[in-house]
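Here the structure comes first, spelled out in structure tokens, and everything after it is commentary.
Both backbone and side-chain heavy atoms feed into the values below; hydrogens, waters and symmetry mates do not. Order of the sequence lines fixes the chain letters, A, B, ..., with proteins taken first and strands second; residue numbering starts at 1 for each chain.
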There are 2 protein chains.
Amino acid sequence: MRMSKEAAAASKVRIIEVASRLLRERGIEATSIADVMAAAGMTHGGFYKHFQSKDELVTAALDAAFASHVERFDRRREENGTQAALDAYVDEYLSPEHVTHAGFGCPVAALGADAGRSSAVVSSAFSRGTEDIIERYVRSAPAGSDVTTSRRAAIRRLAAMVGAVVIARGVGPGALSGEVLAAVSEMENFPLVPRPSRTS
Amino acid sequence: MRMSKEAAAASKVRIIEVASRLLRERGIEATSIADVMAAAGMTHGGFYKHFQSKDELVTAALDAAFASHVERFDRRREENGTQAALDAYVDEYLSPEHVTHAGFGCPVAALGADAGRSSAVVSSAFSRGTEDIIERYVRSAPAGSDVTTSRRAAIRRLAAMVGAVVIARGVGPGALSGEVLAAVSEMENFPLVPRPSRTS
DNA sequence: ACATTTAGATGATCGGTGACATCCTAGCAA
DNA sequence: TTGCTAGGATGTCACCGATCATCTAAATGT
């Protein structure tokens, strides 16, 4: 049965939203188009009226996941200020809820490994999104900070948090999982104590 | 045709070695048994004479990957001392070669996300291996260090390195990839500047 | 030494499922 | 009224994990 233009557009949005969640939960390879369409309340037959390929859906879903992730941060910064938004971001990121609910969590931690194995379009969507997150973090640096220094500190912190969540998810529920989250929570915000650079 | 006991055992070892590499390169879901057997120079039919299921192979391959990873560190420590082994480990970990050659790299960075989505046996194999890596790192702490402090610092460093490699792989070749590796390379070895702990 | 047993490897096959394509139909839009 | 199109039903082809009959040579018992 045919739907109105608005309803059709809403369908596409719903497909992307559902895909954005399922992909983060199950991974790219393990998520089928039929799964996504069924979760969106449709059969898989109509999928290709909205997207040309699975890759196109994955790219759209990745963009949506990064967008909602970043918007959440921006909204909190407007409401509660930069420092509060930053603290809330870190606390949420390193929470057990984030570890167990990958479907609504950071796309970097959930799909980083998958993105590296995917096609160039997916990988570049991932790259854009990651850059967006880093930028939000850099802008949260104390006023008058050196941009290069702030950026490196931001990357360092993001890397530590991504690694913590990946490890916590990988080891499954248990003591080690919480220990990892706690250890990274103790990390200082903007350190820069250089160690001798790589020689090779 | 039937082979000798030694040849059969060698076949099993070869299957595990190949699987250990392919799984890290392509991910668990994207690696088929036929792929592994073909890369090991056999057809897929004989697989079940060696393993009862794919999960059993994945577990064995994970154990092997962690073992070779840890043995490499131990060997270097015996030959060149703890500090040199530690430096070499970090340098190698954060090298572009590690990013592009996931098949021979750290199983935590390559399969962390996949392990979290897999069965309990796979997840626990991943957990054991991760704990082994952390232990090696803790033992490399300066003599007289507080064990808890050292362990948290070790976890923090491992998390940062895992995150760096995951991000570098996800964003694909480009400036950001190298930037991430460089930023984490500048991380100090054993910091412990506590920030206010999570409130929620 | 030799017959019997056993086990590694093969290739075909099975049920299930993947991505993707092709019609059909129902109803909005011109 | 009628063309257009979202989405449902169905089909194709490839591949997945797993099983099987079959072959063959190593292992084993006498």
If you compare every side-chain N and O of A:Y48 against the phosphate oxygens of C:dC20 (OP1, OP2), does one of them come in below 4.0 Å?
yes
Let me know the distance between CE of A:M42 and P of D:dA9, rounded to the nearest Å.
13 Å
Separation of A:F51 atom CZ from D:dA6 atom C1', in whole Å?
13 Å
Counting only heavy atoms not in A:E79, do more than 12 fall under 6.0 Å of its CD?
yes
Regarding the side chain of A:H50, the nearest nucleotide among C:dA9, D:dG7, D:dG17 is D:dG7
Check the distance between D:dC16's C1' and B:L57's CG and give it to me in whole angstrom.
15 Å
Under the 3.5 angstrom rule, does the side chain of B:K12 hit a backbone N or O of B:K49 as a donor-acceptor pair?
no
Are OP1 or OP2 of C:dA7 and a side-chain N or O of B:K49 less than 4.0 angstrom apart?
no
Map A:M37 and B:G46 onto DNA chain D by nearest heavy atom, then report which one ends up closer to the 5' terminus.
A:M37
Regarding the side chain of B:A8, the nearest nucleotide among C:dG8, C:dG18, D:dA18 is C:dG8
When rounded to whole Å, the NZ to P distance for the pair A:K54 and D:dC15 reads 16 Å
Rounded to the nearest angstrom, tell me the gap between atom CD in B:E56 and atom P in D:dA18.
10 Å
Closest heavy-atom contact between B:I28 and B:D114?
N-OD2, 2.8 Å
Donor-acceptor under 3.5 Å (A:S177 side chain, A:P173 main chain):
no
Heavy-atom nearest nucleotide on DNA chain C taken for B:T43 and for A:H44; more 5' hit belongs to B:T43
Could you state the CD1-P distance from B:I33 to C:dG11, rounded to the nearest angstrom?
17 Å
Integer-rounded Å distance: D:dA6 P and A:K12 NZ
10 Å
The answer to which of A:E29 and B:R14 contacts DNA chain C further toward the 5' end, by nearest nucleotide, is B:R14
Donor-acceptor contact present, side-chain A:S123 to main-chain B:G170, <3.5 Å:
yes
CZ of A:F47 versus P of C:dG18: gap in Å, rounded?
13 Å
Report yes if at least one side-chain N or O of B:S11 is closer than 4.0 Å to OP1 or OP2 of C:dA9; otherwise report no.
yes
